[in-house]
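Everything on this sheet refers to the single structure shown next.
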Amino acid sequence: YLIRLAGNGGDFGNYTITFDGPEDITAPSPDPMDFETAPWGQAKDEMAMTAAEAADAGSPDIEYYFQFVDGGTGGDDSGWQAERDYVDVGLETNTEYGYAVKARDGVGNETQYSPTTYAYTAAVKPGNPIVLAKTATTMTMQITTGANPAHTEIALQCVVTGDTAWSGKFVDADGNPSDVETWQTAEGWGGAATAMGLTPDTNYCWRTKARNGDGLETDYSGWICSRTEEGGLPGDMDCDGAVGFGDINTDQLGCGLAGC
């Protein structure tokens with residue numbers, strides 16, 4: 001545009017010119033808003049998230065608002081902010097929280113909220129297992145959640161032993177060695193797990209780890225080591241830690257006679 005001002009008869013002074021253009025009534029895009037990185041438990045008491053980058057040609061000064069929708073205690077809204085990243089702190093361990101996000105442009109046009117996304121804060125390392133009882137062929141360990149809530153799942157591993165059948169293996173729900181984790185709450189384990197079919201007079205070391213509701217695993221706990229009893233149960237020919245029908249038909253020498 002070319003604008004020329006001329007005074008009447010050579011007059012001069014200060015002039016104010018006001019232009020009326022089309023009003024910006026369009027919200028930024030995307031609308032509804034969305035997350036670039038969905039909420040996730042980056043720590044035991046923190047949820048981190050990143051909004052998708054919003055665009056608005058008419059009023060490009062974009063701000064974002066992260067809403068705590070529901071979940072455990074301690075969740076907070078972000079308030080309007082220019083940053084696309086938000087970390088909500090002061091939350092509960094391994095607890096589910098839900099968040100949504102919206103954006104607005106420089107004149108206040110707001111998008112709709114994104115769909116609510118739920119995630120769990122991180123779990124923490126469980127307590128060390130505790131050996132409660134042992135025989136020549138079994139060992140019972142107490143499973144503790146540590147500072148985690150009761151719904152936290154725990155896996156138990158035999159990390160060091162001279163028994164190749166158990167070295168590096170996990171305890172499954174039936175007490176047998178497994179290549180993969182069996183995840184159960186402490187209550188699901190019955191408060192303790194019993195490893196079966198161990199070798200008499202052999203050292204076994206155990207450790208646990210936990211995972212949160214989204215399957216994110218913790219580091220391992222410390223080790224606890226203990227040695228099985230010498231010899232075996234008289235009559236326990238199949239070395240299962242008990243005398244029963246299975247001891248009748250077996251080729252083994254028997255835990256109570258020569259060991260397994």
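Source: prediction; values computed, not measured. In this chain, numbering begins with 1 at the start of the sequence shown.
Atom CD of Q81 is surrounded by more than 12 heavy atoms from other residues, nucleotides or ligands within 6.0 Å.
Listed for the T218 side chain is a donor-acceptor partner under 3.5 Å among the backbone atoms of A210. At least one donor-acceptor pair under 3.5 Å links the side chain of T121 to the backbone N or O of N94. The backbone N or O of I62 lies less than 3.5 Å from no partner atom in the side chain of D105, so there is not a single donor-acceptor pair. Between the side chain of D77 and the main chain of F68, a donor-acceptor pair closer than 3.5 Å is present. A distance-only check finds no donor-acceptor pair linking the side chain of S114 to the backbone of F35 [under 3.5 Å]. Although no hydrogens or angles enter the test, the distance criterion places no donor-acceptor pair under 3.5 Å between the side chain of T152 and the main chain of A150. For the pair T208 (side chain) and G127 (backbone), a donor-acceptor distance under 3.5 Å is present. Although no hydrogens or angles enter the test, the distance criterion places a donor-acceptor pair under 3.5 Å between the side chain of Q157 and the main chain of G168. Within the 3.5 Å criterion, the main-chain N or O of T50 finds no donor-acceptor partner in the side chain of D85. Judged by distance alone, the side chain of R227 and the main-chain N or O of D201 form a donor-acceptor pair under 3.5 Å.
The stretch residues 54-64 participates, sequence neighbours left out, in these side-chain hydrogen bond (donor to acceptor under 3.5 Å, both in side chains) pairs: D24-S59, E63-R104. Legend: side-chain hydrogen bond (donor to acceptor under 3.5 Å, both in side chains) pairs involving residues 26-38, not counting sequence neighbours, sorted by first then second residue: E36-R84.
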Item to complete: Before giving the answer on side chain to side chain contact (heavy atoms under 4.5 Å, CB included), spell out for Y113 and Q67 the whole-Å C-alpha distance, their side-chain angles and the decisive distance to 0.1 Å.
Response: CA-CA 9 Å; Y113 276 111; Q67 180 191 38; 3.6 Å; yes
Discussion item. V124 vs T93, test: side chain to side chain contact (heavy atoms under 4.5 Å, CB included). Steps then yes/no.
Written reply: CA-CA 8 Å; V124 297; T93 301; 4.3 Å; yes
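To the nearest 0.5 Å, atoms CZ (F66) and CD (E83) are separated by 9.5 Å. Between T95 atom OG1 and H151 atom NE2 the span is 5.0 Å, to the nearest 0.5 Å. In this structure, CG in D172 is found 9.0 Å from CD in Q184, a value given to the nearest 0.5 Å. Note: M141 CE to K134 NZ = 11.5 Å, rounded to the nearest 0.5 Å. Once rounded to the nearest 0.5 Å, the distance linking CG of D88 with CE of M47 reads 8.5 Å. In this structure, N176 CG and K169 NZ are separated by 12.0 Å, a value rounded to the nearest 0.5 Å.
Between W223 and W206 there is no side-chain heavy-atom pair separated by less than 4.5 Å. The shortest distance between side-chain heavy atoms of Y220 and K125 does not fall below 4.5 Å. Residues Q42 and V87 are in side-chain contact: their nearest non-hydrogen atoms beyond the backbone lie under 4.5 Å apart. A 4.5 Å side-chain heavy-atom check between S167 and C158 finds every atom pair outside the cut-off.
Using cut-offs of 30° and 60° for the angle between ring planes, the Y86 and Y99 rings count as perpendicular.
With hydrophobic clusters built from ILVMFWY side chains whose heavy atoms lie under 4.5 angstrom apart, L156 shares a cluster with V131. V171 is connected to I224 through a chain of hydrophobic side-chain contacts under 4.5 Å among Ile, Leu, Val, Met, Phe, Trp and Tyr, so both are in one cluster. The hydrophobic cluster containing W166 does not contain V160, counting ILVMFWY residues as joined when their side-chain heavy atoms lie under 4.5 angstrom apart, directly or transitively. No path of Ile, Leu, Val, Met, Phe, Trp and Tyr side chains, each step under 4.5 Å between heavy atoms, connects L216 with M49, placing them in separate hydrophobic clusters. In this structure, Y120 is not a member of the same hydrophobic cluster as W183, with clusters built from ILVMFWY side-chain heavy atoms closer than 4.5 Å.
Partner T228 forms a side chain to side chain contact (heavy atoms under 4.5 Å, CB included) with one of N203, T202, D163, T199 and no other, that one being T202.
Using a 3.5 Å distance cut-off with no hydrogens or angles, the side chains of T138 and T135 do pair a donor with an acceptor. Side-chain atoms of D70 and Y97 include no donor-acceptor pair closer than 3.5 Å.
Remark: SG of C205 is found under 2.5 Å from SG of C225.
When the salt bridge (charged side-chain N to carboxylate O under 4.0 Å, His left out) test is applied to K209, the partners found at least two apart in sequence or on another chain are E181, E217.
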